[in-house]
Amino acid sequence: MELKGKKAVVFGGTSGIGLAIVQQLQAAGTQVVAVSREPSKVGDLGASVSLEKCDVRDTQALQDVLQKQAPYDMLISAATGGERAVGPFLDMHMDGFKGSFDKLWGYANVVRYGAQYLTATGCITLISGAPARRMRAGQIAISAVGGAVEAFVRGVATEITPRRINAVSPGVINTPMF
């Protein structure tokens, strides 16, 4: 896909992987909307990036942002949705384990309410992670969520064709995870 002149909406776009995506799209000439629970933390990204405040778990606010920004060519989510639990599963508080799945619920909300505004050749990208397939000790919650994200993408792919949805699984990266 030629990126110059396209429009992208990036959830989780003010830190970590999301911010890197915003910066790369901006450099390629894409009009970018960076969406975050706290957009003020990123500062000024330049005239070709606009900022929106939204929590991916708030379906009404999410729908309002998506409708306001429609139409767009790329819908990207790197938003975690909240806190993630780490440590041995048998010692883990189950509320922490459940809370880790806010990432999945946020992704599901973004896709459910955002796909309708994609252009005919548009695409959706969700960020998974290496623990979905290669978990290290203490990553059971992150691994389970990543596996669920990847299964979700496979299922939705057949529903949105000819538009595309992909899960991207970065390896070890230098980002503030917790």
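Keep in mind that this is a model prediction, so the values were computed, not measured.
- Residue pairs meeting the side-chain hydrogen bond (donor to acceptor under 3.5 Å, both in side chains) criterion with at least one member in residues 121-132, sequence neighbours excluded, are Ser128-Glu150.
- Under the ring-ring contact (aromatic ring centres under 6.0 Å, His included) criterion, the residue pairs touching residues 35-91 are Phe89-Phe97, with sequence neighbours excluded.
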Apply side chain to side chain contact (heavy atoms under 4.5 Å, CB included) to the pair Arg37 and Cys54, showing each step before the final yes or no. CA-CA 5 Å; Arg37 287 179 296 204; Cys54 181; over 6 Å; no

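- In this structure, the side chain to side chain contact (heavy atoms under 4.5 Å, CB included) partners of Val56, at least two apart in sequence or on a different chain, are Phe11, Ala79, Val110.
- Looking at heavy atoms from C-beta onward, Ile76 lies out of side-chain contact with Ile124 at the 4.5 angstrom threshold.
- Ser143 is linked by a side chain to side chain donor-acceptor pair (under 3.5 Å) to nothing, counting only residues two or more places apart in sequence or in another chain.
- Tested against Val156 for a side-chain contact (heavy atoms from CB on, under 4.5 Å), the candidates Thr161, Val111, Leu126 yield a single pass: Val111.
- Among residues two or more places apart in sequence or in another chain, the side chain to side chain contact (heavy atoms under 4.5 Å, CB included) test is passed with Thr59 by Gln63, Asn109, Tyr113.
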Atom pairs and distances, donor-acceptor, side-chain atoms in residues 17-32, under 3.5 Å, two or more places apart:
| from | atom 1 | to | atom 2 | distance (Å) |
| --- | --- | --- | --- | --- |
| Gln26 | NE2 | Leu45 | O | 2.5 |
| Gln26 | NE2 | Ser48 | OG | 3.2 |
| Thr30 | OG1 | Leu3 | O | 2.9 |
| Thr30 | OG1 | Leu25 | O | 3.3 |

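- Applying the side chain to side chain contact (heavy atoms under 4.5 Å, CB included) criterion to Lys53, with sequence neighbours excluded, gives Glu38, Pro39.
- Partners of Ser36 according to the side chain to side chain donor-acceptor pair (under 3.5 Å) rule, which considers only residues two or more places apart in sequence or in another chain, are Thr14.
- Legend: residues meeting side chain to side chain contact (heavy atoms under 4.5 Å, CB included) with Ala157, ordered by chain and number and at least two apart, are Ile165.
- Residue pairs satisfying the salt bridge (charged side-chain N to carboxylate O under 4.0 Å, His left out) criterion with at least one member in residues 93-116, sequence neighbours excluded, are listed as follows: Arg57-Asp102.
- The list of salt bridge (charged side-chain N to carboxylate O under 4.0 Å, His left out) pairs with a residue in residues 155-170, not counting sequence neighbours, is empty.
- Ile140 is listed as a side-chain neighbour of Met92, based on a closest heavy-atom distance under 4.5 Å.
- Contact check for Leu75 versus Leu118: side-chain heavy atoms found under the 4.5 Å cut-off.
- Each salt bridge (charged side-chain N to carboxylate O under 4.0 Å, His left out) pair with one or both residues in residues 1-30, not counting sequence neighbours, would appear here, but there are none.
- Annotation: Gln116, atom CD; neighbour count of heavy atoms from other residues, nucleotides and ligands within 6.0 Å is above 12.
- Interatomic distance, SG of Cys123 versus CG of Asn166, reported as 7.0 Å (0.5 Å rounding).
- In this structure, Gln60 and Leu62 have side chains that are not in contact, with every pair of non-hydrogen atoms separated by 4.5 Å or more.
- Panel note: side chain Tyr107, backbone Thr80; no donor-acceptor pair is recorded below 3.5 Å.
- Listed for the Ser100 side chain is a donor-acceptor partner under 3.5 Å among the backbone atoms of Gly96.
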